[in-house]
Participant: 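There's a structure below that I have some questions on.
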Amino acid sequence: MITKIALEFNPVNVNKPIIYDLIKVYDLKCNILRADIDYNLRGHMIMEIEGNSETVSKSIQYLEEQGVTVDFVRNKITVDFDKCVHCGACTAACRIKALYYEHYELKFDESKCVSCDFCLQACPLKAIEKR
């Protein structure tokens, strides 16, 4: 079972080896899709965790016990191709190449989208929205 989650760390737990514990203690496969720490020492991470459903549930409980806010990533973006002028601003912001050009036309591979929202900020016409 692969589960995509968004985590928020506070200044107290941002320096703890919490992801290490997910791998070693809970035997999960972890794929970090996006991670950053802001100037207030608040961490934000989007990741996929893979394991059986019981282990995933226990690991999420562990995260919450450590003071990490856990949210399941379900929102994906949509592109309103009626508004889109294929300017390419979103493709420059999309680091994982879910938005790309093919034959001079913008394409969107929804299966690659990690809901990082960089494309939302980059689109000058607001043709990209959260679903």
Side-chain angles (χ1 to χ4, degrees):
M1 171 174 147
I2 297 176
T3 305
K4 196 177 290 187
I5 56 176
L7 307 175
E8 288 192 33
F9 299 83
N10 60 44
V12 174
N13 62 22
V14 75
N15 289 317
K16 292 182 180 178
I18 293 172
I19 303 307
Y20 174 84
D21 288 343
L22 291 181
I23 296 166
K24 289 303 234 180
V25 175
Y26 294 94
D27 195 29
L28 294 175
K29 290 182 182 176
C30 297
N31 183 20
I32 298 172
L33 303 171
R34 176 182 173 204
D36 59 21
I37 298 175
D38 66 21
Y39 62 91
N40 290 318
L41 293 179
R42 295 207 167 272
H44 309 277
M45 181 181 294
I46 297 175
M47 65 185 299
E48 293 174 332
I49 55 175
E50 183 177 352
N52 65 49
S53 59
E54 182 181 339
T55 306
V56 169
S57 295
K58 286 181 181 179
S59 67
I60 289 172
Q61 181 180 357
Y62 164 75
L63 289 167
E64 291 171 341
E65 288 169 357
Q66 296 301 309
V68 178
T69 303
V70 180
D71 190 20
F72 293 92
V73 176
R74 292 186 181 92
N75 293 337
K76 296 276 186 167
I77 64 160
T78 58
V79 180
D80 184 345
F81 286 102
D82 292 332
K83 286 184 185 177
C84 180
V85 294
H86 305 273
C87 69
C90 60
T91 63
C94 186
R95 297 177 186 166
I96 55 136
K97 307 298 180 210
L99 291 159
Y100 62 96
Y101 269 107
E102 187 174 275
H103 305 293
Y104 305 103
E105 189 175 345
L106 180 69
K107 300 288 182 180
F108 175 51
D109 184 348
E110 186 174 342
S111 67
K112 289 183 178 180
C113 180
V114 296
S115 299
C116 67
D117 299 343
F118 290 138
C119 59
L120 295 172
Q121 300 162 14
C123 181
L125 299 177
K126 305 298 180 214
I128 301 174
E129 299 174 337
K130 279 282 208 186
R131 199 176 338 145

Participant: For a side-chain contact (heavy atoms from CB on, under 4.5 Å) check, start with the C-alpha distance between Val70 and Leu7, then their side-chain angles and the critical distance, and finish with the verdict.
Facilitator: CA-CA 5 Å; Val70 180; Leu7 307 175; 3.8 Å; yes

Participant: Return the CD1 to SG distance between Ile77 and Cys94, rounded to the nearest 0.5 Å.
Facilitator: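 Spacing of CD1 (Ile77) from SG (Cys94) equals 7.0 Å.
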
Participant: Are the side chains of Arg42 and Glu8 in touch, meaning some heavy atoms are under 4.5 Å apart?
Facilitator: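 When only atoms from C-beta onward are counted, Glu8 and Arg42 do not touch, as no gap falls below 4.5 Å.
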
Participant: Do you know which two heavy atoms are closest between Lys126 and Gln121, and how far apart they sit?
Facilitator: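 Nearest pair, atom of Lys126 first, then Gln121: NZ-O, 4.4 Å.
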
Participant: What's the shortest heavy-atom distance between Leu28 and Ser59, and which atoms?
Facilitator: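 Looking at all heavy atoms of both residues, the shortest contact is CD1-OG, 3.4 Å.
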
Participant: What pair of heavy atoms forms the shortest contact from Thr91 to Lys97, and how long is it?
Facilitator: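 Smallest heavy-atom distance, with atoms named: O-NZ, 4.3 Å.
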
Participant: Assigning hydrophobic clusters by single linkage (Ile, Leu, Val, Met, Phe, Trp, Tyr; side-chain heavy-atom cutoff under 4.5 Å), is Leu41 placed with Val68?
Facilitator: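 As far as the 4.5 Å side-chain criterion goes, Val68 and Leu41 are connected within one cluster.
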
Participant: Calculate, to the nearest 0.5 Å, the distance between atoms CG and OH belonging to Asn52 and Tyr26 respectively.
Facilitator: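 That separation rounds to 13.0 Å.
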
Participant: Which heavy atom in Cys30 sits nearest to a heavy atom in Ile49, and how many Å separate them?
Facilitator: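 Closest pair (atom of Cys30, atom of Ile49, distance): SG-CG2, 4.0 Å.
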
Participant: Are side-chain heavy atoms of Ile128 and Thr78 found at a separation under 4.5 Å?
Facilitator: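 Of all side-chain heavy-atom pairs linking Thr78 with Ile128, none is under 4.5 Å.
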
Participant: Enter the distance from Lys107:NZ to Leu99:CG here, rounded to the nearest 0.5 Å.
Facilitator: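 Lys107 atom NZ to Leu99 atom CG measures 12.5 Å (nearest 0.5 Å).
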
Participant: Is the count of non-hydrogen atoms from other residues, nucleotides or ligands lying under 6.0 Å from Asn10 atom CG greater than 12?
Facilitator: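 Atom CG in Asn10 is packed in, count exceeds 12.
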
Participant: Is there a path from Ile19 to Phe72 through hydrophobic residues (I, L, V, M, F, W, Y) whose side chains come within less than 4.5 Å of each other?
Facilitator: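 Looking at the clustering, Phe72 is in the same group as Ile19.
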
Participant: Scan for side chain to side chain donor-acceptor pair (under 3.5 Å) pairs involving residues 29-41, sequence neighbours excluded, and state none if there are none.
Facilitator: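 Checked against side chain to side chain donor-acceptor pair (under 3.5 Å) - neighbours excluded - the pairs reaching residues 29-41 are Asn31-Glu48.
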
Participant: Which residue in the set Val114, Leu33, Ile46 passes side chain to side chain contact (heavy atoms under 4.5 Å, CB included) when paired with Val73?
Facilitator: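 Exactly one option meets the side chain to side chain contact (heavy atoms under 4.5 Å, CB included) with Val73, and it is Ile46.
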
Participant: Return the set of residues passing salt bridge (Lys or Arg N to Asp or Glu O under 4.0 Å) with Asp117 (not counting sequence neighbours), or none when no residue passes.
Facilitator: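 With neighbours one apart ignored, the set is Lys130.
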
Participant: What about Ile32 and Phe118, same hydrophobic cluster or not, with Ile/Leu/Val/Met/Phe/Trp/Tyr joined at side-chain heavy-atom distances under 4.5 Å?
Facilitator: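 Looking at the clustering, Phe118 is in a separate group from Ile32.
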
Participant: Lys58: what forms a salt bridge (Lys or Arg N to Asp or Glu O under 4.0 Å) with it, not counting sequence neighbours?
Facilitator: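 Testing Lys58 for salt bridge (Lys or Arg N to Asp or Glu O under 4.0 Å), a comparison that skips the adjacent residues, returns Glu54.
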
Participant: Could you tell me the separation between the CD atom of Glu65 and the CD1 atom of Ile18, rounded to the nearest 0.5 Å?
Facilitator: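 Rounded to the nearest 0.5 Å, the CD-CD1 separation comes out at 11.0 Å.
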
Participant: What closest approach, in Å, do Ala93 and Ala122 show between heavy atoms, and which atom pair accounts for it?
Facilitator: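 Looking at all heavy atoms of both residues, the closest pair is CB-CB, 3.6 Å.
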
Participant: Report the distance from atom CG of Leu106 to atom SG of Cys87, rounding to the nearest 0.5 Å.
Facilitator: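 Result: 8.5 Å between the selected atoms.
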
Participant: Determine yes or no for a side-chain-to-main-chain donor-acceptor pair under 3.5 angstrom, with Tyr101 supplying the side chain and Gly88 the backbone.
Facilitator: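 Answer holds: yes.
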
Participant: Is Leu63 linked to Ile37 within one hydrophobic cluster, defined over Ile, Leu, Val, Met, Phe, Trp and Tyr using a side-chain heavy-atom separation of less than 4.5 Å?
Facilitator: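 Looking at the clustering, Ile37 is in the same group as Leu63.
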
Participant: Quick check: closest heavy atoms across Lys4 and Cys113, and the distance to 0.1 Å?
Facilitator: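 Closest heavy-atom pair between Lys4 and Cys113: NZ-O, 3.1 Å.
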
Participant: Working to the nearest 0.5 Å, report the span between CG of Leu22 and CE of Met47.
Facilitator: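 Result: 5.5 Å between the selected atoms.
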
